[in-house]
Q: 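Can you read through this structure? Questions will come right after.
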Amino acid sequence: MKYDVCVIGSGAGAGPVIYELSRAGYKVAVLEKGPWFKTEDFSKDEMVATRRSVYTPNLKDESHVLVTKNDDGDWMSRSTYSSGKDFWNGSCVGGSSNFMSAYFHRLKPNDFRLLSEFGPIDGANIADWPITYNEMEPYYSKVESMVGVSGKVVPHSFLEPRSTPDFPYPALGENIFSSWLDKAATKLDYELIPAPRGILSRPKDDRNACFYSNYCGSYGCSSDAKGSSRVALINEALKTGNCEILPNSKVFHLETDGNGEIIKANYYNKTGDKQFVEAKLFVVAAQAVETSRLLLMSKNTEFENGLSNNSGQVGKNIVFSGGGIGSGQLFFDDLTAEDSKSLDSKGLFINRALQQWYEIDDPKFGGRSKGGTIDFVSEHANAVTKAVKLKYDGDKLLYGSSLKDKLKNYFKEQRKLKFEIFVDWLPNDYCKVELSNDVKDKWGDPVAKIWLGYHEHDLKVGRYLAEKAEALFKEVGMKNVQSSISGGVSANLQAGGCRFGNDPKTSVLDKNCKSHEVKNLYITDGSFMPTGGSVTYTFSIYANSFRVADQILQDPILKK
C-alpha cells in the first residue's frame, strides 16, 4: 500500500502532524522504532523506570558514542554501552512525551530574535528564527486546548503576548510549600508565578484528571492526564481509520529517486527483516539526535553527504538545555504539627516559577543578556533513586543499622524541595552529531556520535539564577540549601541539528520546516530550532508541529 504520508517517529513533533493529516482524510503510516505501550502497561514500578531498559533500547543492541572533554581539556569518545550512561529517552509510541515532567512555558518574543536582541557571543553560533512569536502564538493556544495545559495566567514582567486570557484547565492542586514560597517571594520582591503544566486538572474526552502520584518525570501516566502525543493526539488519529501505527520499525534509509524526492522509507521490522513504506510525502520526527543520524545514513549519489545535507549543516548546532538544579530541606521538628502534616501531603504539586530574570540587565553581570527560568518542584517520589543517594557517608559505604537509620531519618523526618534552572544552550561547533566509524547497532548501522561541547556563558547565566533561587529558599527558612550548575546534558531535552532558516547555505529547512533540497521532506521534531530558549522544549515542538501541519495540508504534493 502506498500512503499519502509516512511519519517517522511518534513523539511531540510527530503527534500533531499525525492528528491533523489523519483527520483531513489522508492515509498516514507511522514508523516507530520502539514498542507500542498502552496506558495499562504503565505503573509506578521504580525498577522498570530507573533500572531496566524497558522504555529505552538495550545498550548492547543500540548505543551512542558520547564525546566529552576530560579534565585535561582533551576530547574523549566513549560508547554508552561501555559506560552504562544511557542517552536514549522514550523509544516507544508517543516517544519521550510519555515520560516528560510537562512544564509548559511558552517561548517569548525575544527567543525568536536572540542574535538581534542580544548580539553575537564569541564561540556561539547564534541565529535568529525565520518566524516570529506572533506566527507561533495561535499554535501555543491550540496546544493548550487540545493537548491540555493547566495553570493560571498572572501579570508579570516577562509575560508573553496571549490571544487567550488564561489556560483552558485550572491549576493543579498545590502543596502548602507553594504558599510559603509566595510569602518569601513577596519579602524579596520576587515575581513568583504559577507554572503551567501539560497535565489535566479535570477530565477531557477519554482522559482522566491527574491522580497526584508525583510520578511524572521518567514515568508513563496511568491516568492519561499527562499530555503525551500518544494519548492526546495519536489515539484520536486512530479513531479516523486513516492512521496505521507500525511499532518496532527501525528506519535505516530514506531512498530518493534521483530527482530530489523520497520514494521509500526502508526499515527493519521486529524480526529484523527489511521492509519499506512508499508515500507521497515524508515527515521525520525521530528526536533531534536520531533525526540527524537518519539523514546522514541516507546518503546516495544524489546526496553524497547525507540526505538534505549538501549544505553540510545536518547534525550541526545540536542544543540541549543549559542550567542545573538546586535543593533545600525542611525538617518536621522545626515546624508545627499541622504544617508538618500539610508539607508531607503526597502528590500535590509546587507549580511555581520565576521568569523575572528571563532577561538580565545587571551591571554586576556585565550588562543586558538573556537569562532564564527557575521552576520549583518536589523531590521525585521514586524511593529507589532517593535511597541509592544515601548509601554513602563520604567515601564510606553504609550498610546494616547505619544505613537503616539514615534511610529512616531521610524518609520520615524531613522533606527536600528542589529548583530546576533552564537557560539557553548556546549552539557551538563542538555540539553536533556525526556517524560513528567504529560502533554499530544490532542491525549493522553506524550509531550516532554525539559531541557534547557547551559554552561557558551558559554556566555564567545559570549561576546568576541559582543565587536568586537559593536566596528564596533561605528566606523560606530551608536548610542545606545548595545548587549545581554544569555543562552536563540531559537526553530528555534535545533540539537542533536541522536548523530552519531562509538561507539554504546555512540551514537545512525552510521556515515551514520543509527541506531546502528534498521536495517531499519535512522535519517536525526539535531539530528545526536554531536556539532553544530558556524553557523546556516540548511545548514549542508541539506548537511548531501544528503550525507545520497546516502548511503540509497546503502542499501540492499531497494533491497528486
Side-chain angles (χ1 to χ4, degrees), residues 44 100-106 144 147-156 159 165-188 190-204 207-217 219 221-223 225-227 325-332 334-356 373-382 414-422 468-469 472-478 481 535-536 539:
K44 310 309 177 188
M100 64 182 174
S101 296
Y103 295 100
F104 270 36
H105 297 287
R106 297 182 178 198
E144 289 175 0
V147 174
V149 178
S150 301
K152 181 176 176 57
V153 174
V154 300
H156 63 94
L159 177 63
D166 211 340
F167 298 105
Y169 295 88
L172 294 154
E174 296 175 352
N175 186 277
I176 193 174
F177 181 72
S178 302
S179 65
W180 298 348
L181 276 179
D182 291 338
K183 292 176 183 177
T186 300
K187 292 180 181 179
L188 294 177
Y190 281 9
E191 293 183 81
L192 196 66
I193 60 173
R197 302 293 291 270
I199 301 170
L200 296 178
S201 57
R202 63 185 183 209
K204 178 185 188 298
R207 297 164 59 194
N208 295 306
C210 180
F211 289 168
Y212 295 99
S213 69
N214 193 23
Y215 278 80
C216 291
Y219 287 79
C221 184
S222 57
S223 69
K226 185 159 56 174
I325 59 174
S327 65
Q329 290 174 288
L330 287 167
F331 291 88
F332 298 138
D334 297 333
L335 306 172
T336 67
E338 183 179 353
D339 283 350
S340 294
K341 183 178 180 180
S342 297
L343 181 65
D344 203 31
S345 296
K346 307 300 181 186
L348 296 176
F349 293 93
I350 305 304
N351 280 359
R352 289 295 185 273
L354 277 169
Q355 293 191 322
Q356 188 168 348
T373 297
I374 308 168
D375 279 311
F376 296 92
V377 300
S378 298
E379 185 180 27
H380 200 289
N382 185 337
Q414 63 87 48
R415 185 160 183 191
K416 179 181 282 189
L417 288 306
K418 300 171 65 177
F419 56 83
E420 298 179 352
I421 292 172
F422 298 94
K468 304 295 186 183
L472 183 59
F473 269 13
K474 290 174 182 177
E475 184 64 35
V476 172
M478 303 182 77
V481 176
V535 295
T536 55
F539 192 2

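As the structure is a prediction and not an experimental result, all values here were calculated from the model.
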Q: For F104, enumerate each residue passing the ring pair (Phe, Tyr, Trp, His ring centres under 6.0 Å) test, keeping only those at least two apart in sequence or located in another chain.
A: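 For F104 the ring pair (Phe, Tyr, Trp, His ring centres under 6.0 Å) partners, ignoring immediate neighbours, are F539.
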Q: So, using salt bridge (charged side-chain N to carboxylate O under 4.0 Å, His left out) as the criterion, who are the partners of K346 when residues are at least two apart?
A: D344
Q: For D182, what residues pass the salt bridge (charged side-chain N to carboxylate O under 4.0 Å, His left out) criterion, not counting sequence neighbours?
A: R352
Q: Please answer whether the main-chain N or O of A209 pairs with a side-chain N or O of R202 as donor and acceptor at a distance below 3.5 Å.
A: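 No.
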Q: Return the minimal non-hydrogen interatomic distance between H380 and G217, and the atom names on each side.
A: NE2-O, 2.9 Å
Q: Name all residues meeting the salt bridge (charged side-chain N to carboxylate O under 4.0 Å, His left out) criterion together with R106; count only those two or more places apart in sequence or in a different chain, and write none if there are none.
A: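 R106 satisfies salt bridge (charged side-chain N to carboxylate O under 4.0 Å, His left out) with E137, E144 only.
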Q: Using the test side-chain hydrogen bond (donor to acceptor under 3.5 Å, both in side chains), find all partners of Q414 that sit at least two apart in sequence or belong to another chain.
A: Q329
Q: Can you name the residues that form a ring pair (Phe, Tyr, Trp, His ring centres under 6.0 Å) with Y103, not counting sequence neighbours?
A: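 Scan of Y103 (ring pair (Phe, Tyr, Trp, His ring centres under 6.0 Å), adjacent residues dropped) gives none.
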Q: The criterion is salt bridge (charged side-chain N to carboxylate O under 4.0 Å, His left out); which residues satisfy it with D166, sequence neighbours excluded?
A: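 Scan of D166 (salt bridge (charged side-chain N to carboxylate O under 4.0 Å, His left out), adjacent residues dropped) gives none.
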Q: Among residues at least two apart in sequence or on other chains, which ones pass side-chain hydrogen bond (donor to acceptor under 3.5 Å, both in side chains) with Y169?
A: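 Testing Y169 for side-chain hydrogen bond (donor to acceptor under 3.5 Å, both in side chains), a comparison that skips the adjacent residues, returns none.
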Q: Can you name the residues that form a ring pair (Phe, Tyr, Trp, His ring centres under 6.0 Å) with F211, not counting sequence neighbours?
A: none
Q: Which residues pass the side-chain contact (heavy atoms from CB on, under 4.5 Å) test with S345, not counting sequence neighbours?
A: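 With neighbours one apart ignored, the set is N175, L348.
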Q: If the condition is ring pair (Phe, Tyr, Trp, His ring centres under 6.0 Å), which residues does F167 pass it with, not counting sequence neighbours?
A: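 F167: no ring pair (Phe, Tyr, Trp, His ring centres under 6.0 Å) contacts found.
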Q: For S378, give me all partners under side-chain hydrogen bond (donor to acceptor under 3.5 Å, both in side chains), at least two apart in sequence or on another chain.
A: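 Per chain and number, S378 pairs via side-chain hydrogen bond (donor to acceptor under 3.5 Å, both in side chains) with R415.
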